[in-house]
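Read through the structure below, which is laid out as structure tokens, and then see the notes.
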Amino acid sequence: MEEKIKSAQEQALSEISQAKTSDDIELLRVKYLGRKGLVNALFGELSSVPAQDKPKVGNLLNRLKIAVSSALDSAKGKTIDAGPAAAADSIDVTMPGRKRSLGRLHPLTQTLDNINEIFLNLGFKIAEGPEIETIYYNFEALNIPLDHPSRDAFDTFYIDDNSLLRSQTSTVQIRVMEKVKPPLAIISPGRVFRPDATDASHSFMFHQVEGLMVDKDIKFSDLKGILEIFVKRMFGEDTRMRFRPHFFPFTEPSAEVDISCIICKGKGETASAGGGKRCSVCGGKGWLEILGAGMVHPNVFSAVGYDPKKWRGFAFGMGVERIAMLKYGIDDIRLFFENDLRFLRQF
Ligand code: PHE
């Protein structure tokens with residue numbers, strides 16, 4: 001019996017080693033391991049083996065079965081027709097791995113982080129306020145009475161008679177001053193809303209960063225100094241800045257601030273073959289408007305309970321989209337909100 005088992009194993013292994021296709025192997029599996037196969041037949045003969053030899057012979061038979069079945073399995077992986085069906089139950093270690101694409105921050109978030117960092121390094125603290133505001137914080141406390149013409153441009157989306165989506169982050173000035181005594185220096189980044197029709201340069205929603213500094217002897221030159229540091233760090237050391245008189249109800253005097261065009265460097269034209277060409281970014285003016293600013297109006301101080309004779313301050317407000325568009329040369333504000341990966345992947 002032992003001999004029989006040994007020669008069956010030799011025969012099986014040699015036949016398996018010669019098998020070429022998976023069909024050959026399946027036939028051999030039936031021949032040896034099938035219900036009517038050789039291994040089962042040998043198990044059948046176990047009953048006629050003397051009792052004392054049964055454990056040993058049984059053990060040999062079990063080993064035969066394991067040897068044949070593992071020889072069949074490994075031969076299957078090597079058959080010449082090992083295609084998808086054969087691969088399904090084995091791992092193909094030669095297959096290239098799946099590439100994970102790395103996410104990145106939205107260009108507006110990157111710009112906002114840049115702006116915040118510059119002011120944090122200058123000692124400003126970040127303060128945030130609600131996007132749904134009351135009429136008092138959005139208008140009255142900012143010295144914009146009900147009949148003021150500038151209210152039109154700020155009349156946004158009303159939630160009820162007394163609350164609306166804020167139209168500027170200047171609201172946060174009021175909320176901070178109500179709670180904190182001067183001296184203080186804060187910036188407040190956040191979303192604002194306007195009743196504007198959407199086009200390449202307007203959006204009903206955009207982001208602003210407000211700045212406010214209050215102390216005993218803050219001067220207009222402090223405002224200029226801080227903003228000069230900001231524009232140089234944001235747009236480069238050779239950036240120039242100018243103030244144009246303007247009007248804001250909550251500052252007096254007020255100004256709009258321009259920087260020298262980052263494309264033509266203030267020349268108004270870009271070099272091209274056969275002479276200069278009008279710069280398309282600044283429209284030939286050489287200057288780009290980037291923010292509004294001024295000295296805090298005494299009425300605003302009174303509204304929050306600061307003595308206007310004792311305290312002075314400056315405030316400024318800038319649009320984050322505008323800064324990002326200038327910094328990266330983007331000509332359509334809508335690109336920021338479309339989530340088109342072809343655009344976003346460039347930053
Ligand atoms: N809130 C003004 C705007 O939205 C900007 C501004 C802020 C101007 C602070 C002056 C001072 O246009």
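Here, residue 1 is the first one in the sequence, and each next residue gets the next number. Ligands are counted one by one from 1 in listed order, and the atoms in each one are counted from 1 as well.
Of all heavy-atom pairs spanning Pro55 and Ala51, the tightest one is CD-O, 3.6 Å.
Ring geometry for His148 against Phe247 counts as parallel: the plane angle stays under 30°, on a 0 to 90° scale with 60° as the upper cut.
Ser163 and Asp160 share a donor-acceptor pair across their side chains, judged by distance under 3.5 Å alone.
With sequence neighbours left out, Tyr32 forms a ring pair (Phe, Tyr, Trp, His ring centres under 6.0 Å) with no residue at all.
The contact shell of ligand 1, taken as protein residues with any non-hydrogen atom closer than 4.0 angstrom, comprises Gln168, Ser170, Arg194, Gln208, Glu210, Phe248, Phe250, Thr251, Gly292, Ala293, Ala315, Phe316, Gly317.
In summary, Glu117 and Arg233 do not engage in a salt bridge, as defined by a charged side-chain N under 4.0 Å from a carboxylate O.
In this structure, CD on Glu210 lies 9.5 Å from CE on Met318, to the nearest 0.5 angstrom.
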